[in-house]
Every structure is written in C-alpha cells, then in structure tokens.
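Working notes, structure below.
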Number of protein chains: 2
Amino acid sequence: MALFLSTYANKIDRKGRVSVPASFRVALSDQAFQGIVLFRSHSHMCLEGFGQASMEELSNRLDHFDLFSAEQDDMATAIFGEAVALPFDGDGRIILPADLIDFAKLDEQAAFVGLGKKFQIWSPSEFGARRNEARKNVKDKGLTLPKEVAA
Amino acid sequence: MALFLSTYANKIDRKGRVSVPASFRVALSDQAFQGIVLFRSHSHMCLEGFGQASMEELSNRLDHFDLFSAEQDDMATAIFGEAVALPFDGDGRIILPADLIDFAKLDEQAAFVGLGKKFQIWSPSEFGARRNEARKNVKDKGLTLPKEVAA
DNA sequence: TAATTATCCATGATATACCATAGATATCCA
DNA sequence: TGGATATCTATGGTATATCATGGATAATTA
C-alpha cells in the first residue's frame, strides 16, 4: 500500500534518532532517495513529512502561481527553502535536527501521523487534542468527500 | 462480483484474530494488498472497512481540497490518521488492534456487515438494534435509491 | 586530536508465518 | 437419490522473523 496510514509513536533517543514506522518505509521503498523530507507546518506545531515523489507534486502545484509572483515566492521560500532531506540509516531511522525538535515541541516521543500521501510528526500529547479537534470538525461541519470528477 | 454482501459473525480469539468472511476475501482477491483497512466510524460505534482500491479512491477525493487547507487536514487526520491496514494471514484472518476492539465494544464475536463497496464490523448485539433502526428509517421516510450517475 | 557523525551489532518485545484440526459444504459416483 | 469422499472454512496453537531500541565501534570533519 503506497499510502501513509495510522499513527505510530516512536522514541527519540538522546542522539535525536527516531525509527520511521516500517509501513511508512515500505510506502517509500520504490523511491530513489531512501529517506524523508521534513519542514515546519504553517498551521500547527508539527512537522510536515513527504517522500521525494510527493515533493515533486508539491512543486507542480506551485506552478499554478505565476513565476516571480509574490505568492509563488513566499510558498517556495516557506516550503522548499526550509525543507530538509533526512536519509534512513541502516535500521530505518532518521536523525531529527534540533531546531525541528524544538519547533514541534518534541521530547521523549515522536508521533508519526499518516495522512495518505503525506504525513505529520507531532508531540504525542499535543496530537491528542488535534485528533479530537479533527474528529469534531468532520462531524460538526459535516465534511464529506466530494465525488470524484472524471479526470 | 466485487461487492460485500450479507452479515457474518465470526469469533475473535484471545489474540484478537478474526477470520474475514471468505466471500469478502474473494471480493478483494484482485487487489495488490491482500488485507483490509479499518477505521472508527464517525457516526456509529462500529468500524468501517475498505479494500486498498477504495482507500486510494478516498485519497484521490481528498486531492480536490487544497493541500494544507483546514478541510483537507481535518479529513486526512480523521480518516488516514486513524486507519490501520490489516493484512490477511495464511488462513484469511486479520488481527484486530485492541483499541479498535474497545471502540466497537466487541467481545466474543465480530459481525462483518457487507454494505456493497465497503463493510462494517459490529458487536453482534449492538448491530441488531442498528439493523432495525435502518429498516425503520427506510420504511418511515420512504427512502429510495437515486438513479445511477453517469461516470 | 577532539568532537561529531555515520555504520554496525545485540536484544527483547511483538507480530508474522506456519502447521494442525474439526466442522461444514460441495462434489462425485454408484 | 443417497452415501462416501474430498474440499474449503473457521479456529486453535506454536515457531519464526521483523521491528524498535540501545549501545558500541568506525569514519569524518573541524
């Protein structure tokens, strides 16, 4: 399955190492770059995670803005300028940079939250509230998935 | 026929293993990922079950929202963040995670309820009431099926 | 050479794969 | 049509492999 699913809380050791969930790694196993790409979320105190292929799709979406436009420039700077590529070590772990650990308020554990084509990394305690909020929003606002339009 | 039909009550052993009804497995036999995907229902005390293909369609529907938008984020968190992919063992069984067993109030048995392209897993006792409610609603409100929409 | 980073190895817990059995259903042949 | 046989399904138990994690050693780099 090439989607990121479920939520896994893994431990951050004292060197900043964390195991990327095995199922996430298989979802990325066909990619040239064996690792993940991380950058700060713009809406939450968490990190956004992508595979290499998804970063290219992100880039394509950016093309909907005019090149040299303020929006394009801002988005590109905020995403690509900040993004870090973190390769897996031999055991499927990455090393989280200290500034990203600080930003997401991570301490003992890192919660990998699968969101389909991307994922997020949260402090487990913070994510509890976020998950409840998301559930509530889906229920209250009656959010449903639009029928797929013909491609 | 690639539809989930009928209701089957199978036993949950002490390790949380349950046989997925054979007819459900046949409906999924053409998929690359041999297993099912489960997540909490947003409206009932039951689990929603899908095959891999349906999950990918869900993911594609999500793409109609802007990436990083609040709606996209909420739905992805509430669906993919909670979903678990459960592969069949050699005998067509899955292992139900403890938190999902709790959520659906399952004890001895799990009732697999075929709903066409998806299915649900209920506590057999709870489902009795739910079935009656559904029948009553259809009768009272005179619910009918709309014509098939053009693809 | 000291400090930092990367690679390698060990281990316990957990999940996966494997094997066995019984009951039910379907098939086949007389 | 009836009975025997074979097949498939559900279920239980056991052995094996994988994963997450910690530490140690080797390789870089300042």
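Lettering of chains follows the sequences in order, A, B, ..., and the numbering in each one begins at 1.
Between B:D140 and B:R135, none of the side-chain N atoms (NZ, or NE/NH1/NH2) sits under 4.0 Å from a carboxylate O, so this pair counts as no salt bridge. Ion pairing between a basic and an acidic side chain is recognised when a charged N comes within 4.0 Å of a carboxylate O; A:E133 and A:K136 show no such pairing. The residues A:D91 and A:R17 are annotated as not salt-bridged, no charged nitrogen and carboxylate oxygen being separated by less than 4.0 angstrom.
Of the residues in residues 92-122 of chain A, those with a non-hydrogen atom less than 4.0 angstrom from any atom of DNA chain D are A:R93.
The CZ atom of A:F88 sits 17 Å away from the P atom of C:dC8 (whole-angstrom rounding). At whole-Å resolution of the value, CZ in A:R25 and P in D:dT18 are 12 Å apart. In this entry the distance linking CD of A:Q34 with C1' of C:dA6 reads 17 Å, nearest Å. Atom NZ of A:K11 is separated from atom P of D:dA20 by 15 Å (rounded to the nearest Å). In this entry the distance linking CG of A:D13 with P of C:dA6 reads 13 Å, nearest Å. Distance CZ (B:R14) to P (D:dG12): 8 Å, rounded to an integer number of Å. Whole-Å rounding puts the B:N10 CG to D:dG12 P distance at 11 Å. Atom P of nucleotide C:dA6 and atom CG of A:L86 are separated by 10 Å, given to the nearest angstrom.
Side-chain nitrogen and oxygen atoms of A:R17 include none within less than 4.0 Å of the OP1 or OP2 phosphate oxygen of C:dC8. Applying the 4.0 Å criterion to OP1 and OP2 of C:dT4, one finds that A:K15 has every side-chain N and O outside that range.
Sorted by first then second residue, the salt bridge (Lys or Arg N to Asp or Glu O under 4.0 Å) pairs that include residues 77-89 of chain A, not counting sequence neighbours, are A:R40-A:E82, A:D89-A:R93.
Among residues two or more places apart in sequence or in another chain, the ring pair (Phe, Tyr, Trp, His ring centres under 6.0 Å) test is passed with B:F65 by none.
Within the 4.5 Å cutoff, the side chain of A:F24 has no heavy atoms near those of the A:I36 side chain.
Among the atoms of the strands shown, none is found under 4.0 Å from any heavy atom of B:D89. Residue A:V18 is out of contact with every strand shown, counting any heavy-atom pair closer than 4.0 Å. Residue B:P87 is out of contact with every strand shown, counting any heavy-atom pair closer than 4.0 Å.
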Derivation of the side chain to side chain contact (heavy atoms under 4.5 Å, CB included) call for B:I121 and B:V18: CA-CA 11 Å; B:I121 296 180; B:V18 207; over 6 Å; no
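Taking every side-chain heavy atom of B:A22 into account, D:dA10 is the closest of D:dG23, C:dC9, D:dA10.
No hydrogens or angles were tested; on distance alone, a donor-acceptor pair under 3.5 Å links the side chain of B:D91 to the base of C:dC19.
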